[in-house]
**Q** 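The structure that follows is given in the form of structure tokens.
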Amino acid sequence: MKNGLAIWHYPHRNVVENVAFFADNGFDAVSVLGMHMDKVLLDEEKAEALAKTVMEKGVVLTVHHKLPKSHSEEAVLTFKAAIE
């Protein structure tokens with residue numbers, strides 16, 4: 001079993017800082033919101049820092065995305081592009 005938490009509840013640190021902080025304090029899984037992950041992935045340095053931190057700390061990272069409106073083809077396509 002993994003011991004994890006949703007790190008979006010701690011906005012005084014950024015995503016990478018939160019991953020490192022909670023990994024260093026006994027958690028082996030963390031979760032981010034999809035919109036926060038999308039922002040990280042738009043910045044190559046932040047994305048690399050996140051990947052490096054997750055690998056070095058050995059934590060599981062989950063992403064909680066908001067599902068798109070299924071009746072909106074544009075929303076579904078945008079969602080699928082973000083996931084990839």
Side-chain angles (χ1 to χ4, degrees):
M1 179 166 41
K2 300 289 183 189
N3 184 22
L5 79 162
I7 62 176
W8 63 80
H9 294 294
Y10 304 92
H12 57 284
R13 285 184 295 268
N14 66 40
V15 171
V16 176
E17 292 169 340
N18 270 330
V19 171
F21 177 83
F22 288 107
D24 290 342
N25 284 280
F27 292 89
D28 48 19
V30 293
S31 179
V32 299
L33 289 175
M35 66 180 169
H36 295 159
M37 188 67 168
D38 291 346
K39 288 179 185 176
V40 168
L41 295 177
L42 291 174
D43 182 319
E44 191 173 325
E45 280 186 34
K46 288 179 184 175
E48 288 178 11
L50 178 59
K52 181 179 177 184
T53 302
V54 167
M55 288 187 288
E56 286 178 354
K57 302 294 183 179
V59 295
V60 172
L61 175 70
T62 62
V63 181
H64 288 252
H65 274 280
K66 180 180 176 183
L67 294 176
K69 298 175 185 175
S70 61
H71 62 275
S72 169
E73 186 176 339
E74 182 180 345
V76 172
L77 291 173
T78 300
F79 175 75
K80 287 181 177 180
I83 293 293
E84 288 185 30

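Reckoned from all heavy atoms, side chains included, excluding hydrogens, waters and symmetry mates.
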**Q** What is the minimum heavy-atom distance between K2 and V60, and which atoms define it?
**A**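 Scanning both residues, the minimum pair turns out to be CE-CG2, 3.8 Å.
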**Q** Within the structure provided, determine whether L50 and L61 are in side-chain contact (heavy-atom separation under 4.5 Å).
**A**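 Yes, close enough: below the 4.5 Å cut-off.
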**Q** Is there any side-chain hydrogen bond (donor to acceptor under 3.5 Å, both in side chains) pair reaching into residues 44-55, and which pairs are they, with sequence neighbours excluded?
**A**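 Counting only pairs at least two positions apart or across chains, no side-chain hydrogen bond (donor to acceptor under 3.5 Å, both in side chains) contact touches residues 44-55.
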**Q** Hey, does Y10 have a side-chain heavy atom less than 4.5 Å from the side chain of F21?
**A**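 Heavy-atom side-chain distance check fails, nothing below 4.5 Å.
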**Q** Could you tell me whether a side-chain N or O of D28 sits under 3.5 Å from a main-chain N or O of N3, the two making a donor and an acceptor?
**A**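 Looks like yes, one N/O pair under 3.5 Å.
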**Q** What residues, two or more places apart in sequence or in another chain, satisfy side chain to side chain donor-acceptor pair (under 3.5 Å) together with S31?
**A**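 With neighbours one apart ignored, the set is T62, H64.
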**Q** For a quick test of reading the model, state the closest non-hydrogen atom pair linking A23 to V59 and the distance between them.
**A**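 Of all heavy-atom pairs spanning A23 and V59, the closest is CB-CG1, 3.4 Å.
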**Q** Identify the two heavy atoms, one from N18 and one from I7, that lie closest to each other, and give their separation to 0.1 Å.
**A**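 Looks like ND2-O, 3.2 Å.
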**Q** With a 4.5 Å limit on heavy-atom distance, are the side chains of W8 and M35 in contact?
**A**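 A side-chain contact is absent here, since even the closest heavy-atom pair is not under 4.5 Å.
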**Q** Do L41 and V63 land in one hydrophobic cluster if side-chain heavy atoms of ILVMFWY residues count as linked below 4.5 Å?
**A**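 L41 and V63: one cluster.
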**Q** Group every Ile, Leu, Val, Met, Phe, Trp and Tyr by side-chain heavy-atom contacts under 4.5 Å, then state whether M37 and L33 land in the same group.
**A**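 No, because M37 and L33 fall into different hydrophobic clusters, even though each may have its own neighbours under 4.5 Å.
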